[in-house]
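Heads up: the structure comes next, in structure tokens.
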Amino acid sequence: MTTRPVNPSAPVKGFEGLDPCVHCGFCLPACPTYEVTADEADSPRGRIVLMRALARGEMPADDPSLQLHLDRCLGCRGCESVCPAGVVFGPALEASRDLIAKTRPLPLSLRIALWVLARPARQWLIWLLSRLFRATGIPRRIAQSAGTDAPVVAQMMGMLEATRGWEGWGGMGRDREEWGRNYPHHPSPTHPIPPHPSSPLFRGCVQNGLFGRVHDATISTLAHNGVKVGEVHGQVCCGALAAHAGAHDFAKRLARENVIAFARSDGQIIVNSAGCGAMLRSYGDLLAGEELEGEARIVASRVRDISEALAELGPAKGMRPLSFRVAYDAPCHLLHAQKISSAPLVLLDAIPGITRVALEGSERCCGSAGLYSLLEPGMSREVLRIKLDAIRRAAPDIVVTGNPGCVMQIGAGLLLDGQETRVCHPVELLAWSYQS
């Protein structure tokens, strides 16, 4: 059953990935929202029926039922990983949301957020105020006093607190100025840095504004492995948040700017945010048919998640032991979109002293999904609750995950739930181990 529009003027790009679906149902157990609601329309199979009807013009984009069930979708793409027929769900969901956005304008607050996050020059004041507010300790106190049934405001406070990292563990999680003193960007004696920058770093928006320590850990760890990281001027937000929200044209504008900026650089493009990496790797398809398509595909082919890059390099020896129980939670857009599964585990297993513990459902979404936790707080919380229960059973000291949204979502959940487990990016553990 192919997905072809009844109206020839209706866009078909993206929907063709649904064509292999035979409604077998293998995707149902892999869908976090179906697990919560047990509603067929909240499963990938049910949503494919809706999206096919939308693409063929059999259901209007302003249909309330269509909007309800597509809004509830996390876009985690876990269904793709278990589909025996090879259905590609993600592009069709974004295409559907693009059509919906043309009949239902995005909320003003969302449009403002996307506009601000688009460019570094617009972000700096927001991030400065956020860091200053975070430093007061107020967000932590609000989140700790709210409990698991916290309102959205308390959840947001918990997410902001989760960006802090934590004190007392070898300086890990401190502000970037302090990190720079504890984790100098020096090469390993056996892995000297090449004479010229060889790998540009994609900085992103939230990652750069609230997780500067992850960028510093990335640069430091690559330096220990003989790779110097260069800066690329003119880069902007990757466009993932805009694409997921249905602001397709806005996402394409950001993609064009990034393609132009990174086309002027050489080497692998290092990304330490799973969502950004997945978006950058989709630029060729996003800009298909445009003048920049060729450059976009070249840029996309150069993208490497930091775990990929380090796993390919070794990583270098010389790490000191860290005696922690560590659980790995796979970011959806690293595992399901980019198909990267083993590289983060290779890095964790290279750290001496680490005890890696299994986390049940580590491949399942935590409920973050970009802005989903703010737009669909009820469903996001139910999905997160399953993740928190799994973490409680595994009882790790640290949960590591390679996406800022996941760090914020899980970190906030643990804080509200009263669990002592900490959350960080895998590369932070490596940088800490390399400290000596």
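Please read all numbers here as calculations on a predicted model, not as lab measurements. Sequential numbering from 1 along the given sequence is applied to the chain's residues.
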#### Entry: Within residues 363-373 or reaching into it, pairs that qualify as side chain to side chain donor-acceptor pair (under 3.5 Å) - sequence neighbours excluded
Glu35-Arg364
### Task
Applying side chain to side chain contact (heavy atoms under 4.5 Å, CB included), name anything that partners Val407, two or more places apart in sequence or on another chain.
Phe211, Thr401, Val423
### Task
Identify whether the distance between the nearest side-chain nitrogen and carboxylate oxygen of Arg97 and Glu94 falls below 4.0 Å.
no
### Query
Should the ring pair Phe202 and Phe262 be called parallel, tilted or perpendicular, given that the plane angle runs from 0 to 90° and is split at 30 and 60?
tilted
### Message
For a 4.5 angstrom cut-off between non-hydrogen side-chain atoms, does Val326 reach Asp397?
### Response
no
## Note on the structure
Residues at least two apart in sequence or cross-chain that pass salt bridge (charged side-chain N to carboxylate O under 4.0 Å, His left out) with Glu308, listed by chain then number, are Arg281
#### Entry: Listed once per pair and sorted, the ring-ring contact (aromatic ring centres under 6.0 Å, His included) pairs that draw on residues 225-261, sequence neighbours left out
His244-His333
### Task
Look up atom CD1 in Ile306 and atom OG1 in Thr221, then write down how far apart they are to the nearest 0.5 Å.
6.5 Å
### Query
Do Asp42 and Arg72 sit within salt-bridge range, that is, some charged N less than 4.0 Å from a carboxylate O?
yes
### Message
Closer than 3.5 angstrom, by distance alone: can the side chain of Thr37 be matched with the main-chain N or O of Thr33 as a donor-acceptor pair?
### Response
yes
### For Val88, side chain to side chain contact (heavy atoms under 4.5 Å, CB included) partners two or more places apart
Arg77, Glu80, Pro91
### Task
Report the residues that fulfil side chain to side chain contact (heavy atoms under 4.5 Å, CB included) with Ser341, sequence neighbours left out, ordered by chain and then residue number.
Leu335
### Query
So, the side chain of Arg131 versus the backbone of Gly209: is there a donor-acceptor pair under 3.5 Å, distance only?
yes
### Message
According to salt bridge (charged side-chain N to carboxylate O under 4.0 Å, His left out), who are the partners of Arg119, at least two apart in sequence or on a separate chain?
### Response
Glu257
#### Entry: Main-chain N/O of Ile100 paired with Thr103 side-chain donor or acceptor, under 3.5 Å
yes
### Any donor-acceptor pair under 3.5 Å from Glu312 side chain to Ala309 backbone
no
### Task
Check side chain to side chain contact (heavy atoms under 4.5 Å, CB included) between Asp349 and all other residues, then give those that pass, not counting sequence neighbours.
Arg356
### Query
Are the side chain of Arg52 and the backbone of Leu18 linked by a donor-acceptor contact shorter than 3.5 Å?
yes
### Message
What I want to find out is whether Arg213 reaches Asp216 closely enough, with some N-O distance under 4.0 Å, to be called a salt bridge.
### Response
no
### Query
If you measure from OG on Ser433 to CG on Leu347, what distance do you get to the nearest 0.5 Å?
11.5 Å
### Task
Not counting sequence neighbours, which residues clear salt bridge (charged side-chain N to carboxylate O under 4.0 Å, His left out) with Arg393? List them please.
Glu360
### Query
Quick check: does any side chain N or O of Arg304 sit under 3.5 Å from a backbone N or O of Val271, one acting as donor and the other as acceptor?
no
### Query
Is the shortest side-chain N to carboxylate O distance from Asp266 to Arg302 below 4.0 Å?
no
### Query
Do Leu384 and Gln155 come within less than 4.5 Å of each other through their side chains, counting heavy atoms only?
yes
### Task
Output yes when Arg104 and Asp62 qualify as a salt bridge under the 4.0 Å nitrogen-oxygen rule, no when they do not.
no
### All salt bridge (charged side-chain N to carboxylate O under 4.0 Å, His left out) counterparts of Arg45, not counting sequence neighbours
Glu40
### Query
Taking Asp417 for the side chain and Gln419 for the main chain, is one N or O donor matched with an acceptor at less than 3.5 Å?
no
### Message
Once salt bridge (Lys or Arg N to Asp or Glu O under 4.0 Å) is applied, what residue pairs with a partner in residues 105-117 remain, sequence neighbours excluded?
### Response
none
### Summary
Quick note, salt bridge (Lys or Arg N to Asp or Glu O under 4.0 Å) partners involving residues 246-255, not counting sequence neighbours, are Lys252-Glu290
